[in-house]
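Below is one structure, written out as C-alpha cells, with a few remarks after it.
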2 protein chains.
Amino acid sequence: MIFGFDGGELKILLIERNEEPFKDWWALPGNLVRANESLDQSASRILNELTGLGDIYMEQYYTFGDPDRHPQGRVVSIAYYALLRLGGDKALKPISTYAKQAHWVNVKDLPKLAFDHQQIFDKGLEKIKRRIKHQPIAFELLPEKFTLTQLQNVYELILGKKLDKRNFRKKMLSFGVLRDLDEKQKGVSFRAATLYRFDKRKYAKLFGKEISF
Amino acid sequence: MIFGFDGGELKILLIERNEEPFKDWWALPGNLVRANESLDQSASRILNELTGLGDIYMEQYYTFGDPDRHPQGRVVSIAYYALLRLGGDKALKPISTYAKQAHWVNVKDLPKLAFDHQQIFDKGLEKIKRRIKHQPIAFELLPEKFTLTQLQNVYELILGKKLDKRNFRKKMLSFGVLRDLDEKQKGVSFRAATLYRFDKRKYAKLFGKEISF
DNA sequence: CCAAAAGTGTTCCCTCTACACCCATGC
DNA sequence: GCATGGGTGTAGAGGGAACACTTTTGG
C-alpha cells in the first residue's frame with residue numbers, strides 16, 4: 001500500500017488488473033516474494049519496480065491469509081505500507097503482465113477494490129493513524145524543505161480531522177526536531193511561509209521516549 | 001507466543017524440540033497452517049492443541065520470513081500472541097512429534113531460544129506493552145474476580161516497571177469499567193482485598209475513544 | 001503485637017484546549 | 001486595496017506524578 005503526498009492531497013497507488021479474477025478492477029499493487037530475499041527486501045523491490053524509487057520508508061503491518069480471499073486457492077499476503085513524496089510528475093510505468101496501468105488515486109475517492117483489498121487498506125490506514133501520533137513518519141511524505149502548514153496538512157489528511165493551527169505549531173516546534181532554515185517559500189501569491197527541515201539527529205536523541213505528536 | 005499469569009509471575013509456554021535442527025533447544029510453540037482454515041483459526045487450533053483451551057484472546061502481531069531463519073529453507077512464521085490465566089495446574093501434554101515437552105517458563109528466566117525466536121519474543125512483548133496502555137488486555141490474564149493489586153501486578157510485569165499504587169487505583173477506577181463485587185478475598189493472612197470484575201458492557205461504550213490505562 | 005498488604009487525598013506542575021486578530025505578499 | 005494564507009499569546013481546565021500514613025487481618 002503506497003501512499004504519496006503531492007503537497008495537497010493524500011494519494012495511493014492503485015493498479016488496474018489485466019487478468020482474471022477481477023480483471024479490470026482496481027487493486028493494491030503487490031507481487032510474489034522471491035526465493036532469496038527477505039520480506040522487507042521483497043517489499044522494497046516491488047515498490048522499486050512500480051515507481052523506480054529506492055530508500056523509501058516502509059513498514060509491515062499485517063498478514064492476510066483467509067483461505068477464500070482468492071478464488072483460486074489460498075494466497076497469503078504480507079501487507080506493507082510505504083510513504084513517499086510525489087515530486088511533480090513521477091511517471092508510473094504499468095508493469096508486469098497482470099496490470100494494465102497504475103494510477104495515483106486520492107484516498108478520498110477510492111473505487112471498489114478487488115479481493116479483500118478494501119479491508120487491507122482500512123487496516124493499514126488505521127495503523128498509520130496510530131503511528132503518526134508517536135513517530136515522525138509524516139516527514140516521509142514531505143519534501144526536504146517544507147512549511148508548517150504543509151506538515152499540518154499531512155496530519156489532517158491522515159487523521160481525517162482538522163487541527164488547531166496555533167496548537168499544532170506550538171507542539172511541533174516544542175519537540176525541537178524542526179530546523180528553521182531562514183528561508184522562505186517562493187512563487188506563492190501571498191505571504192511566503194518559513195521553510196523547515198526535519199532534524200534526524202535531534203530526533204534520534206529524543207527517541208525511546210514516548211512522544212505524542 | 002503464549003503468555004500465562006498465575007497470580008504471581010508472568011510466564012510463557014516453551015517447548016523443548018525433539019528434532020533437528022535445534023534438537024533439545026527451547027522454542028516458541030508453532031505449527032503449520034492447514035489448507036482450509038484462516039490464519040486466526042489456525043492460531044486458535046494450535047493453542048488448543050497445546051493447552052486444551054479455547055476462546056482465548058489472541059492477536060497477530062508480525063510475520064517473520066527471512067530466507068535464512070530456518071536452515072532448511074524459507075519458513076514464513078506468522079506470529080500471534082495469546083494471553084490466558086493459569087488456573088493452578090493445567091497439565092500440558094507434550095504434543096506432536098517435534099516436541100518432547102512443554103513448560104511454562106518465567107519470562108524473566110528465558111533460556112536461549114531456537115531459530116530467531118528470541119527476536120520473535122522481543123517484538124511480541126514490545127507490541128503487548130504498547131497495547132496494554134490503550135486496551136484492556138490485562139484482564140485476559142486474570143481470573144474473573146481479581147483484586148486491584150493483582151491487576152497492578154500484571155501491568156508492572158508487562159511494562160517492566162513499578163507503578164504508584166494510589167495513582168494506579170484512581171485511574172483504573174475512573175474508567176468505570178471495573179465492578180466492585182462487594183466481596184472479599186479469602187484465605188490470606190492479611191487484610192482481605194476487595195474483588196472486582198471487568199465490565200465488558202461499560203467498556204464497549206467507552207470503546208473507540210483513545211484511552212490510556 | 002507483629003508482619004503483611006489494603007486502602008485512601010492533596011498539591012503541584014505541565015499539557016491540552018479554545019479562541020481572534022494583524023501581517024505580508026502578489027495581483 | 002483586496003484576497004489569501006502566515007504567523008502569533010493567553011487563560012482556564014484537566015490529567016499525571018509525587019508522596020506517607022492508618023487500617024485490617026491472621027498467626
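Here is how names work: the chains are called A, B, and so on, in the same order as the sequence lines, proteins then strands, and each is numbered from 1.
Judged by atom type and distance alone, A:R191 does not reach the base of C:dA24 through any side-chain donor-acceptor pair under 3.5 Å. In terms of polar N and O atoms assigned as donor or acceptor, the side chain of B:K171 never comes within less than 3.5 Å of the base of D:dG15 in a complementary pairing.
One finds a side-chain N or O of B:R169 lying less than 4.0 angstrom from the OP1 or OP2 phosphate oxygen of C:dG7. For D:dG5, neither phosphate oxygen OP1 nor OP2 lies less than 4.0 angstrom from any side-chain nitrogen or oxygen of A:S189. Look at A:R166 and you won't find any side-chain N or O under 4.0 angstrom from OP1 or OP2 of D:dG9. Side-chain nitrogen and oxygen atoms of A:K170 include none within less than 4.0 Å of the OP1 or OP2 phosphate oxygen of D:dG9.
Taking atom CG of residue B:L148 and atom C1' of nucleotide C:dA5, one finds them 13 Å apart after rounding to whole Å. Summarising the geometry, the separation between CD on B:Q185 and C1' on C:dA5 is reported as 9 Å, rounded to the nearest angstrom. As a whole-Å value, the separation of A:F175 CZ from C:dC16 C1' is 12 Å. We find that CE of A:M172 is positioned 11 Å from P of C:dC16, with the value rounded to whole Å. The distance from atom NZ of B:K165 to atom P of C:dG9 is 13 Å, rounded to the nearest whole Å. Following rounding to the nearest Å, B:K184 (NZ) and C:dA5 (C1') show an atom-to-atom distance of 13 Å. The NZ-C1' distance, from A:K133 to C:dT15, rounds to 16 Å in whole Å. Atom pair A:F190:CZ and C:dT25:C1' shows a separation of 9 Å (rounding to whole Å applied).
The nucleotide whose nearest atom lies closest to any side-chain atom of B:D164 is, among D:dG7, D:dC19, C:dA6, D:dC19.
Taking the nucleotide of DNA chain D with the nearest heavy atom to each of A:Q150 and B:N167, the more 5' of the two is matched to A:Q150.
Rounding to the nearest 0.5 angstrom, the gap separating the NE2 atom in B:H117 from the CH2 atom in B:W26 is 14.0 Å.
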Would you please test A:L47 and A:I2 for side chain to side chain contact (heavy atoms under 4.5 Å, CB included) and show each step?
-> CA-CA 8 Å; A:L47 176 74; A:I2 306 169; 3.3 Å; yes
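Between A:F115 and A:H70, the ring planes are parallel. Angles under 30° get that label, and only those over 60° would be called perpendicular.
Within 4.0 Å (heavy atoms only), A:T147 reaches no atom of the nucleic acid at all.
Between B:F146 and B:F139, the ring centre distance stays below 6.0 Å.
Judged purely by distance below 3.5 Å, without hydrogens or angles, the side chains of A:S174 and A:R169 never pair a donor atom with an acceptor atom.
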